[in-house]
Amino acid sequence: MIIMAKTSPVIEDRINKSQKLKNMGISLYPAGFQTGIMVSDAVARFGQMDSEALENESKVFSMAGRIMARRDFGKASFIHIKDTTGRIQAYIRKDKISDEEFETFKLMDIGDFVGITGSFFRTRTGELTILAKDISLLSKSLRPLPEKWHGLTDVESRYRQRYLDLIVNDSVKELFVMRSRIIQAIRHFFIKKDFLEVETPMMQPIPGGATARPFKTFHNALGMELYLRVAPELYLKRLVVGGLEKVFEINRNFRNEGISVKHNPEFTMLEFYMTYATYKDLMGLTEALFNHVVTKIFGSNVIKYQGETIDFTPPWPRISLFDALRDIGGVKDDVLNNREYAAGFANECQISLSDADVHGQILMKLFDHLVEPKLIRPTFITGYPTEISPLSRRNDENPEITDRFELFIGGKEIANAFTELNDPVDQRQRFEDQSALRKAGDEEAQFMDEDYLTAMEYGMPPTAGEGIGIDRVIMLMTDSASIRDVILFPIMRSR
RNA sequence: GGGCCGUUAGCUCAGCUAGGUAGAGCAGCGGACUUUUAAUCCGUUGGUCGUGAGUUCAAUUCUCGCACGGCCCA
């Protein structure tokens, strides 16, 4: 019988112990356990009581958890067990439990799950401890956990075997708990404001809503090519046409592009749409959102990120793209006004361009290099060129730019928002311009979407919409340098 | 795609510069120990040194390719 694909002497020992336990009639994997109290509850309830008070409180509780440490003394032993709320010490004495239980306990290892029933007391050194009256095996672990002192530090193992990372590195678990709480706070903010949470297709016949290369797949029964979505935008706006005036979606987008400390092929995006609002309204809403979340999580408007202090107190600076390029990036006016000058300057900065890049795309590359890393405090950049904003409404004063902003925090792009283009004739022209770019070799250019145009032709109310990169928000709020540290299972090459 | 760095016991790491087939700590195993907490004390097991070639009498060590990972650049 094959027990495991690969063993080692340490694993052989555990298999032998498992056999001994089986021979004793002990189940290695019993079903369920009645837990009476969690570690954090025990600490909250008894943590402040002195020894005498604890002795008078002779009540018996059941706890369950994974054995994380073990110190044996012949006829007694201290162990630490860990549940999802924390760690607590247990004291196992031969004279307090049955002989069979003590024999079972001797065959238990670090990593095993145990159920303990007993009463709390305080040790000589003052640690709150449960004295076992009963102990039972709840699940046998066949593999040794990483070392107790250094934990698991190998980055590759931490990502590939995130469960081990979570078991032994408490800060990692805390980070992902915080991630969940931040997303809850965001969701709560929108629900409070009467937004409706919806789910739109992740498999789309035409990938739209963002300038990005999609993943392609195939539906066998339909005999149909499909794309994983690069954004939910065009579907959410169909819902706006349908009369859902305030909608939001928090879910995964997929972009078939490079991987970096800021990019994972699948990432979590929040998008929301608000009828009768403009991009300016969304700036205020965004300030309110971040203040709600940061205050809720940190109890303060100020956080630390990679050694920088970031203050979320509104109002945040609002700078036009051109002003930012000139004043922060040190870009000259002729670069701003002329594609050839811009291309020449980009070459000087050793930024690689493609021949198909339009002036706006070159300016964005300059911006990414010269300005973005400097935008530490939350900053709205406005006035993006129309030619790189195919879904945004033109500005009334200057049709060459759009009613759009991007939000930067901690030197990273965090959000993108605009007053939606709801003129179907203009939208058709923009799609055609994008198609031309695609034909010219720009694989990121957007696809013509007739079905979306049809929806818009029925009439889309004035609307503003925004997308926020949730993983990057989590990076900021957990002081993480890499997006892989805030995604439970980041993409990895298979081995 | 390019540059640099890494891959040695279950985990954390030495060893490689100046080639002679491996060490430590923790974990494990055996023994002592009924208030320890990185428990302590005595003894001890465990490795195709990521992978494939090359150079050499001899390669974990030098050279090259490949795989996986990290950082930076594109």
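It should be emphasised that the depicted structure is a prediction, and the values quoted were computed from it without experimental measurement. Quick note on labels: first sequence line is chain A, next is B, and so on, each numbered from 1.
- Using Watson-Crick or G-U wobble geometry with both donor-acceptor distances under 3.5 Å, G65(B) finds its partner in U51(B).
- Base-pair partner of U35(B): not found among the strands shown (Watson-Crick or G-U wobble, both distances under 3.5 Å).
- Contact annotation for R14(A): no contact, since no heavy-atom pair falls under 4.0 Å across all strands.
- Only the P atoms considered, G6(B) is 11 Å distant from G15(B), to the nearest whole Å.
- With V172(A) as the partner, the side-chain contact (heavy atoms from CB on, under 4.5 Å) test is satisfied by one option alone out of N169(A), D170(A), V168(A): N169(A).
- Base-pair partner of G1(B): C73(B) (Watson-Crick or G-U wobble, both distances under 3.5 Å).
- Using N1 to N3 plus N6-O4 or O6-N4 for Watson-Crick, or N1-O2 and O6-N3 for G-U wobble, each under 3.5 Å, G19(B) pairs with nothing.
- For RNA chain B, the neighbouring residues in residues 64-76 of chain A, judged by any heavy atom under 4.0 Å, are R71(A), D72(A), F73(A), G74(A), K75(A), A76(A).
- Contacts of G151(A) with the nucleic acid, taken as non-hydrogen atoms under 4.0 Å apart, involve only primed sugar atoms and P, OP1 or OP2.
- For the pair E156(A) CD and C11(B) C1', the interatomic distance rounds to 15 Å; values are reported in whole Å.
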Exercise. Before giving the answer on salt bridge (Lys or Arg N to Asp or Glu O under 4.0 Å), spell out for E257(A) and R213(A) the whole-Å C-alpha distance, their side-chain angles and the decisive distance to 0.1 Å.
Key: CA-CA 7 Å; E257(A) 292 168 356; R213(A) 214 178 291 194; 5.7 Å; no

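- Checked against the 6.0 Å centroid criterion, the rings of F215(A) and Y227(A) do not qualify as a close aromatic pair.
- With respect to K17(A) and D109(A), a salt bridge is recorded, a charged nitrogen being found less than 4.0 Å from a carboxylate O.
- A 3.5 Å limit on both hydrogen-bonding distances identifies no Watson-Crick or G-U partner for U60(B).
- Between K304(A) and E308(A), none of the side-chain N atoms (NZ, or NE/NH1/NH2) sits under 4.0 Å from a carboxylate O, so this pair counts as no salt bridge.
- Taking atom CD1 of I79(A) as the reference point, atom P of A39(B) lies 13 Å away to the nearest angstrom.
- Taking atom CG of L152(A) as the reference point, atom P of A9(B) lies 14 Å away to the nearest angstrom.
- Looking at residues 95-103 of chain A, you'll see D95(A) sit with a heavy atom under 4.0 Å from some atom of RNA chain B.
- Under the 3.5 Å distance criterion, the side-chain polar atoms of S300(A) are matched with a main-chain donor or acceptor of V302(A).
- Between F418(A) and Y279(A), the ring centre distance reaches or exceeds 6.0 Å.
- Between the side chain of N264(A) and the backbone N or O of P490(A) there is no donor-acceptor pair closer than 3.5 Å.
- Between K148(A) and A27(B) there is a side-chain N or O to OP1 or OP2 distance below 4.0 Å.
- The pairing partner recorded for G28(B) is U44(B), the criterion being a Watson-Crick or G-U wobble arrangement whose two distances lie under 3.5 angstrom.
- Using a 4.0 Å heavy-atom distance criterion, F121(A) is classed as a base contact.
- In this structure, H369(A) places its NE2 atom 13 Å from P of C72(B), rounding to the nearest Å.
- Nucleotide U12(B) holds its C1' atom 14 Å from the CZ atom of R158(A), rounded to whole Å.
- The aromatic rings of Y91(A) and F78(A) sit parallel, their planes meeting at an angle under 30°, below the 60° perpendicular limit.
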